[in-house]
Q: 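Sharing a structure with you now.
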Amino acid sequence: MNEPAQPAGRGDPADPTDPAHGVTTGAVARRLGVAPTTLRSWDRRYGIGPAAREDGRHRRWTPGDIAVLQEMCRLTASGVPPSEAARAARAGSVAAATPAAPSPAPARQPGSGNGLPLGDVRQECRGLGRAAVRLDSPTMDEMLGSLIGEYGLVTTWEEVMVPTLHAVGRKWETSGDQYVEVEHLLSWHVSTALRRVSIGALSGPRASAPPILLACVPGEQHTLPLEALAAGLAELGLPARMFGAAVPPEALDQAVRRTGPAAVVLWAQARSTAHHALARHVAETAWGVKGARARTTVLLAGPGWAGPAPAPGMLRPGGLREALGLLRGLCEAATAPAGGGGAAPQRS
């Protein structure tokens, strides 16, 4: 089949990356994981734009222009404010033409544009949030791994992961169901980073204590806090069994009777999902032979359990760090000679 003739003096329109004419804004945006509107905004506000425009209007990006953009993306992903990142990216450019001086950015109202409502947080949160909005998976993956390696799991969870996840959630709630894809992708990468911690710790020494059971109450789908706890327990060498979201009461009951756990952690994100009757049932469940029956301690984790003080046999930690400290103590007590909590469990 004959192909239609192309207009004279123009490259193949099916190839937007034709080096003879530069790269289109859409093609650059897809390559870098940045929205085309973001590229236009950077050009207008900070002078991060193509050195030349086709027909005086349409942007066509040269390799030198793209190198500046890549540096801009790298700097903003690391938490550098866009105006500072633009100055640094332009200063490091080897392009022949000097970019035009950036026009001053208009005053920005809180929550406007596609920025996340992060407030007063660590710089790393802003970098992670910008990468999430760009759907920049490689940058998120690299940042999360580096942060855990530099600051440790607990600090990274409490001071970077949680604030950024909350900001994405608030953005989704206030933007008419937009940014759902951002929340899903960020959650996936946080979960992946936490799993890597758990897997990396498997080769270390393991405690001989009975396992710790981690479960969301029925109707609860938020598993990331339990995944963070599982990773922290793995770092401590404490055995855990992660049952995940919305565990049916019957399944949890069988797991408790079969394993004789040192503790059971029940996560509830909201008061509507907190299952107090189930928590009492688990705390009262006994196993083992007559005369040597044992019970477990229940940790009520998550904001859904807020309210009156927990009943006997239950604890309510204030966060990941406190939960890890409590569970470590319970495991040590379970393995102490006088504890008796390490008896082999039997079905009741």
Q: Checking Glu220 side chain against Gln269 main chain: does a donor-acceptor pair fall under 3.5 Å?
A: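 It does hold such a pair.
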
Q: Is the backbone N or O of Leu153 less than 3.5 Å from a side-chain atom of Trp157, with the two atoms forming a donor-acceptor pair by type?
A: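 No, because the side chain of Trp157 does not come within donor-acceptor range (under 3.5 Å) of the backbone of Leu153.
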
Q: Is it the case that the side chains of Glu124 and Tyr151 hold a donor-acceptor pair, with the cut-off being a distance below 3.5 Å and no angle test?
A: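 Result is yes, a qualifying pair exists.
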
Q: Under the criterion side-chain contact (heavy atoms from CB on, under 4.5 Å), I'd like the reasoning laid out for Thr285 against Thr296: C-alpha separation, chi angles, the key distance, then a yes or no.
A: CA-CA 8 Å; Thr285 299; Thr296 189; over 6 Å; no

Q: For the backbone of Tyr46 and the side chain of Arg90, can you confirm whether one donor and one acceptor N or O come within less than 3.5 Å of each other?
A: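 At least one qualifying donor-acceptor pair exists.
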
Q: Donor-acceptor check, side chain of Thr335 to backbone of Glu332, threshold 3.5 angstrom: yes or no?
A: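 At least one qualifying donor-acceptor pair exists.
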
Q: Taking it one step at a time, do Arg271 and Trp305 satisfy side-chain contact (heavy atoms from CB on, under 4.5 Å)?
A: CA-CA 6 Å; Arg271 291 192 180 189; Trp305 300 105; over 6 Å; no

Q: Is the count of non-hydrogen atoms from other residues, nucleotides or ligands lying under 6.0 Å from Arg316 atom CZ greater than 12?
A: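 Atom CZ in Arg316 is packed in, count exceeds 12.
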
Q: Working to the nearest 0.5 Å, report the span between CG of Leu229 and CG of Leu299.
A: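 So the gap between those two atoms works out to 8.5 Å.
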
Q: Let me know which of Leu266, Leu233, Val264 forms a side chain to side chain contact (heavy atoms under 4.5 Å, CB included) with Leu214.
A: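 Checked Leu266, Leu233, Val264 against Leu214; only one passes side chain to side chain contact (heavy atoms under 4.5 Å, CB included): Leu233.
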
Q: Using 4.0 Å as the upper bound for N to carboxylate O, is an ion pair formed by Arg295 and Glu284?
A: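 No, Glu284 and Arg295 are not salt-bridged.
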
Q: Is the shortest side-chain heavy-atom distance between Val247 and Val217 below 4.5 Å?
A: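 Of all side-chain heavy-atom pairs linking Val217 with Val247, none is under 4.5 Å.
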
Q: Does the Ser191 side chain pair with the main chain of Ser187, one donor and one acceptor, at a distance under 3.5 Å?
A: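 Checked: no pair found.
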
Q: Please check this pair: side chain of Thr139 against backbone of Ala131, looking for a donor-acceptor N/O pair closer than 3.5 Å.
A: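 Not confirmed, Thr139 side chain does not pair with Ala131 backbone.
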
Q: If you compare all heavy atoms of Gln221 against all heavy atoms of Ala246, which two are closest, and at what distance to 0.1 Å?
A: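 Closest heavy-atom pair between Gln221 and Ala246: NE2-CB, 3.6 Å.
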
Q: Using the rule given for side-chain contact (heavy atoms from CB on, under 4.5 Å), can you reason through Ile48 versus Leu39, listing the C-alpha separation, both sets of side-chain angles and the distance that settles it, and then say yes or no?
A: CA-CA 8 Å; Ile48 301 293; Leu39 296 183; over 6 Å; no

Q: Might you point out which heavy atoms bring Pro210 and Ala334 nearest each other, and give the distance in Å?
A: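 Distance-wise, the nearest heavy atoms are CD-CB, 3.8 Å.
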
Q: Is the shortest distance from a Lys or Arg side-chain nitrogen in Asp141 or Arg196 to a carboxylate oxygen in the other one below 4.0 Å?
A: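 Judged by the 4.0 Å cut-off on N to carboxylate O distance, Asp141 and Arg196 do form a salt bridge.
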
Q: So, do Pro249 and Pro218 sit near enough that their side-chain heavy atoms are less than 4.5 Å apart?
A: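 Result yes, sub-4.5 Å side-chain heavy-atom pair found.
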
Q: Tell me the closest heavy-atom pair linking Asp65 and Pro50, and the distance in Å.
A: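 Nearest pair, atom of Asp65 first, then Pro50: OD2-CA, 3.3 Å.
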
Q: At their closest point, which heavy atom of Leu185 faces which heavy atom of Leu135, and how far apart are they?
A: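 What the structure gives for the nearest pair is CD2-CA, 3.7 Å.
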
Q: Flag the pair Asp136 / Cys73 as yes when at least one side-chain heavy-atom distance between them is below 4.5 Å, and no otherwise.
A: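 Asp136 vs Cys73: side chains apart.
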
Q: Verify the neighbour count for atom NE2 of His222: are there more than 12 heavy atoms of other residues, nucleotides or ligands below 6.0 Å?
A: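 Result for NE2/His222: open.
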
Q: Please report the closest heavy-atom contact between Ala283 and Gly313, naming both atoms and the distance.
A: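 Closest approach of Ala283 to Gly313: CB-O, 4.2 Å.
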
Q: What are the two closest heavy atoms between Ala193 and Met161, and how far apart are they?
A: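 For Ala193 and Met161, the tightest heavy-atom pair comes out as CB-CE, 4.3 Å.
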
Q: If you count every heavy atom of other residues, nucleotides or ligands that lies below 6.0 Å from Glu142 atom CD, does the total exceed 12?
A: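 Count not over threshold, so no.
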
Q: Taking atom types as modelled, find out whether Glu159 and Thr155 have a side-chain donor-acceptor pair closer than 3.5 angstrom.
A: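 Side-chain D/A pair, Glu159 to Thr155: absent.
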
Q: Between Leu315 and Val298, is any pair of side-chain heavy atoms under 4.5 Å apart?
A: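 Answer no - side chains too far apart.
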
Q: Can Thr156 and Glu150 be said to form a side-chain contact (heavy atoms from CB on, under 4.5 Å), step by step?
A: CA-CA 9 Å; Thr156 301; Glu150 182 173 357; over 6 Å; no

Q: Are any non-hydrogen side-chain atoms of Arg241 and Ile212 less than 4.5 angstrom apart?
A: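 Result no, sub-4.5 Å side-chain heavy-atom pair not found.
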
